[in-house]
Amino acid sequence: MSPTPQSDRPADLLGRPLRNLRISVTDRCNLRCRYCMPESEYVWLPRHSILTFEEIDRVVGIFAGLGVSKVRLTGGEPLLRHDLGSLVSLLSRHDAIADLALTTNGVLLARQAEALRAAGLRRVTVSLDTLRPERMQEFARSARHADVIAGIDAALTAGFESVKLNTVVIRGYNDDEVVELLQFARGRGVEARFIEYMDVGGATGWTMDQVVSQREILELVARCYGPVEPLREEAWAPAERFALRDGTTFGVIASTTAPFCRTCDRGRLTADGTFLLCLYGEDGLDLRELLRGGATDGEISHRIAGVWRARSDRGAEERAGLAERGILHRIESLRADPRREMHTRGG
Ligand code: SF4
């Protein structure tokens with residue numbers, strides 16, 4: 001598609017443009033983290049419903065025409081998708097996509113990092129919730145901690161434009177490791193980002209008292225390193241960034257206690273092709289049906305622009321305003337519609 005004039009780029013009802021697209025390429029995962037996939041059994045999306053690489057490529061071209069310039073591949077665990085490098089290679093050919101990134105749990109990264117970089121992937125974010133293998137075993141039911149560390153090191157060797165570490169901080173699990181994780185990141189020259197525990201679909205064991213707030217995270221860091229300075233930058237980024245006196249920077253994503261919906265320019269594509277307007281959104285636009293039903297690029301673009309213009313979602317802000325806040329979905333409701341799961345919609 002030829003570049004779309006600025007005036008054709010849709011803004012939603014709160015004036016938010018569509019600039020970011022998170023694409024879940026699979027609902028499968030090789031970990032069972034308590035904050036995302038804590039159950040022993042899941043209802044998986046049928047294989048034939050998962051978008052092919054060609055379909056994803058086509059849809060990214062259409063989104064690029066509407067103003068999307070940043071694409072992040074997620075899952076599930078995206079590296080479980082066979083030959084992901086081929087998709088990266090296809091997507092990296094879109095000139096309008098200035099930023100192509102991947103979020104991974106790192107388990108399979110060591111053997112794929114170099115090929116992904118060569119295929120055109122620019123940035124990688126690796127989830128690292130603990131430095132203690134026994135904790136990962138207990139929390140994520142995996143003995144692959146060493147593989148995650150090897151994956152981080154392989155990403156550094158592969159020469160990505162940026163490598164970041166994401167840590168979901170949960171009281172009683174890893175809140176005593178915030179400083180150690182920051183030190184680990186600092187030692188490798190990568191940026192740590194601490195994320196508040198969110199009550200999204202999949203987090204069936206969530207309670208407010210397990211949430212370690214941004215304020216507490218900053219206090220933990222300041223107790224060890226002294227004053228922490230906020231960095232004033234891009235208002236559209238979910239992470240607020242901070243600097244230590246020695247220049248080390250880190251981020252905190254305060255999605256639970258200080259949500260940033262007002263500046264949210266992110267759409268989401270589920271592995272089976274539903275375009276969602278919010279991490280908490282219930283209904284979406286079925287792009288798979290359009291893609292496979294013979295719709296033209298122009299027709300699909302028109303439909304996407306239409307739902308984005310009607311968007312008023314502020315999921316996290318609305319949750320924060322609830323007097324009594326519990327889990328978002330019970331397990332029965334997740335089983336009835338697996339697209340409510342975070343691993344399906346891309347966290
Ligand atoms: S809750 Fe929804 S609107 Fe708010 S920041 Fe997250 S995705 Fe955006």
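Keep in mind it's a predicted model, so treat the numbers as computed, not measured. We count ligands from 1, going down the list as the structure has it; atoms in each ligand are counted the same way.
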task = Take atom CD of Glu289 as the centre, draw a 6.0 Å sphere, and report whether it contains more than 12 heavy atoms from other residues, nucleotides or ligands.
result = no
[X] heavy atoms, cut-off 4.0 Å: which ligand 1 atoms fall inside?
X	value
Tyr280	1 (S)
Leu279	2 (Fe), 7 (S)
Asp313	3 (S)
Arg266	5 (S)
Cys261	1 (S), 3 (S), 4 (Fe), 5 (S)

Which residue and non-hydrogen atom of the protein lie closest to [atom], and at what distance in Å?
atom	value
atom 1 (S) of ligand 1	Ala316 N, 3.1 Å
atom 8 (Fe) of ligand 1	Cys264 SG, 2.3 Å
atom 2 (Fe) of ligand 1	Cys278 SG, 2.3 Å

ask   = Could a heavy atom of Arg268 be found less than 4.0 Å from some atom of ligand 1?
value = yes
ask   = Hey, are Gln183 and Tyr225 close enough side-chain-wise for a donor-acceptor pair under 3.5 Å?
value = yes
inquiry  = I need the single residue from Val212, Val169, Asp175 that forms a side-chain contact (heavy atoms from CB on, under 4.5 Å) with Phe194. Which is it?
reply    = Val169
inquiry  = Among Ile300, Ile23, Leu287, which residue satisfies the side-chain contact (heavy atoms from CB on, under 4.5 Å) criterion with Phe63?
reply    = Leu287
inquiry  = Working note: Phe139 + Thr130, criterion side chain to side chain contact (heavy atoms under 4.5 Å, CB included); need CA distance, chi angles, decisive distance, verdict.
reply    = CA-CA 9 Å; Phe139 191 82; Thr130 178; over 6 Å; no
remark   = One should read off an interatomic distance between Ser24 OG and Leu269 CG, to the nearest 0.5 angstrom, of 8.0 Å
message = For Arg288 and Thr274: C-alpha separation, side-chain torsions, deciding distance, then whether side chain to side chain contact (heavy atoms under 4.5 Å, CB included) applies.
response = CA-CA 7 Å; Arg288 189 187 73 228; Thr274 301; over 6 Å; no
